[in-house]
Amino acid sequence: MNPTQQNITVIRGDGIGPDIIDAATKILDKVGCNFNYEYADAGLMALENHGELLPQETLDLIAKNKVALKGPLTTPVGEGFTSINVSLRKQFKLYANLRPVLSFKGTKARYEDIDIITVRENTQGMYSGLGQVVSADGNEAEAVSIITREGAEKIVVFAYELARREGRKKVTAVHKANILKSTSGLFLKVAREVAARYPDIQSDEMIVDNCCMQLVMNPHQFDIIVTTNLFGDILSDLCAGLVGGLGMAPGANIGEDCAIFEAVHGSAPDIAGMNLANPTSVILASIQMLEYLNMADKADRIRAALKDVIESGDRTTRDLGGEHGTLEFTDAVLERL
């Protein structure tokens, strides 16, 4: 291995994961990234091979390389299995979940010219899994939501720094402080304090239910949305729907010194290995990874190639209105590089 090579931990994932991850790594190689891929198991594949969903050697490899690219993982539904994605976020303190959506012509989406980033707090709130109890008679259940000042400040600062870095104009803090006066109230209070430090950026705030309606009626008013864990999960999927669905939406989980980039859609086991999956989500995630690694020139080249393939309808997959498979779609992108 040559010393300048960047090591990337690659988790191919379940279902269509291997198909789309292989497409992404081919494209990264083609553009001259010179990465050294170190493969690790997680999800159902890991359960079969190692007897656990998230083996220690996978965690060790992510910790060593600090950058990972991952396909969709399946957490078996039912009691006793913790979400693998939640476990990874907690293990590596990946406090920021970055979900950009961008319109591509040719996607049959309901809107055009959408360019929104949802910045979601990734470790606190309703998803932290704290205090989950069900009464002995099974008639009552409860869970605890905790928001800290430090957690709220970190995510809001992340959103404003992102806005400044990317030359974006507006940050909208989304909350439910009118009802959840303690948790959402603290988040909003901190968001206002942070906003005051960034007079160069327009600041807005919106109650989450109104935000959902506004995203459907006039999505072009949004630039960067920053919010808590549960709301961020819901809003980022709504935003994906504006540009053609989860197949067009990547996600980055970013911490102080570690980052995991992923396709945000499911593992679609019904079409696994059938050369049907659209690899766009994980290609876009690999573009996020390149930007994180300060390789913006390569990221731009891949984005331009991908855009041209989708816009021209050259060998696109069925969900994009074409009749081709993962391999043909990938070849179309590779040819443009």
Side-chain angles (χ1 to χ4, degrees), residues 10-27 42-46 53 68-77 81 83-89 94 97-104 106-111 114 116-118 120 122 127 215 229-230 232-253 259-289 302-303 306-307 309-310 316-322 324-327 329-330 333:
V10 179
I11 300 169
R12 293 172 83 213
D14 299 315
I16 57 171
D19 306 345
I20 62 173
I21 286 284
D22 291 353
T25 53
K26 276 184 201 165
I27 288 165
L44 289 182
M45 182 80 73
L53 290 170
L69 181 65
K70 100 179 172 54
L73 299 174
T74 305
T75 300
V77 175
F81 290 107
S83 161
I84 308 162
N85 289 334
V86 171
S87 300
L88 284 169
R89 288 163 192 166
L94 306 174
N97 185 229
L98 201 58
R99 296 264 308 260
V101 293
L102 185 66
S103 292
F104 285 83
T107 52
K108 302 184 165 31
R110 291 177 184 273
Y111 296 90
I114 300 288
I116 302 170
I117 301 176
T118 303
R120 162 193 175 194
N122 223 3
Y127 279 28
L215 276 165
N229 205 337
L230 172 63
D233 190 15
I234 296 165
L235 290 175
S236 58
D237 272 26
L238 197 164
C239 288
L242 305 175
V243 298
L246 289 178
M248 302 302 296
N253 301 282
I260 298 177
F261 301 86
E262 63 189 351
V264 297
H265 54 68
S267 57
D270 52 324
I271 60 165
M274 291 166 66
N275 190 33
L276 289 173
N278 174 5
T280 299
S281 176
V282 85
I283 295 169
L284 290 169
S286 66
I287 288 172
Q288 283 186 295
M289 181 175 78
I302 296 173
R303 190 184 289 109
L306 184 65
K307 192 174 171 211
V309 169
I310 295 170
T316 49
T317 51
R318 290 179 190 183
D319 58 311
L320 293 170
H324 293 273
T326 317
L327 295 169
F329 181 92
T330 307
V333 177

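Sequential numbering from 1 along the given sequence is applied to the chain's residues.
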Looking only at atom types and distance, does a side-chain atom of [X] sit under 3.5 Å from a main-chain N or O of [Y], one as donor and one as acceptor?
X	Y	result
Gln288	Leu98	yes
Thr118	Gly232	no
Ser267	Leu73	no
Asn122	Asn229	no
Asp14	Thr74	yes

Sidechain N-carboxylate O distance under 4.0 Å for Lys108, Asp319: no
With the side chain counted from C-beta on, respond yes when [X] and [Y] share a heavy-atom pair under 4.5 Å apart, and no when they do not.
X	Y	value
Val243	Thr107	no
Thr25	Arg12	no
Pro279	Asp19	no
Ile16	Met274	no

So Leu306 and Ile27, side-chain contact (heavy atoms from CB on, under 4.5 Å) or not? Walk me through it. CA-CA 10 Å; Leu306 184 65; Ile27 288 165; over 6 Å; no
Output, in order, the C-alpha distance, side-chain angles, deciding distance and verdict of side chain to side chain donor-acceptor pair (under 3.5 Å) for Ser83 and Asn85. CA-CA 5 Å; Ser83 161; Asn85 289 334; 5.0 Å; no
Rounded to the nearest 0.5 Å, how far apart are [atom1] of [X] and [atom2] of [Y]?
X	Y	atom1	atom2	value
Ile287	Ile302	CD1	CD1	5.5 Å
His324	Arg318	NE2	CZ	11.0 Å
Ser103	Arg110	OG	CZ	13.5 Å
Asn253	Arg99	CG	CZ	9.5 Å
Glu262	Ile21	CD	CD1	10.0 Å
Ile260	Asn97	CD1	CG	11.0 Å

Give me the atom names and distance for the closest heavy-atom approach of [X] to [Y].
X	Y	value
Ala285	Gly251	CB-O, 4.4 Å
Thr330	Thr326	OG1-O, 2.6 Å
Arg303	Phe104	O-CE2, 4.4 Å
Ala277	Ile20	CB-CG2, 3.8 Å
Pro76	Leu44	CG-CD2, 3.8 Å
Pro72	Ala263	CD-CB, 4.3 Å

Using the side-chain contact (heavy atoms from CB on, under 4.5 Å) rule, take Thr280 and Thr317 through it: C-alpha gap first, then chi angles, then the decisive distance, then the call. CA-CA 10 Å; Thr280 299; Thr317 51; over 6 Å; no
For the pair Met248 and Val101, evaluate side-chain contact (heavy atoms from CB on, under 4.5 Å) and give the outcome as yes or no after the intermediate values. CA-CA 7 Å; Met248 302 302 296; Val101 293; over 6 Å; no
Begin from the C-alpha positions of Phe329 and Leu320 and carry the test side-chain contact (heavy atoms from CB on, under 4.5 Å) through to its verdict. CA-CA 11 Å; Phe329 181 92; Leu320 293 170; 3.8 Å; yes
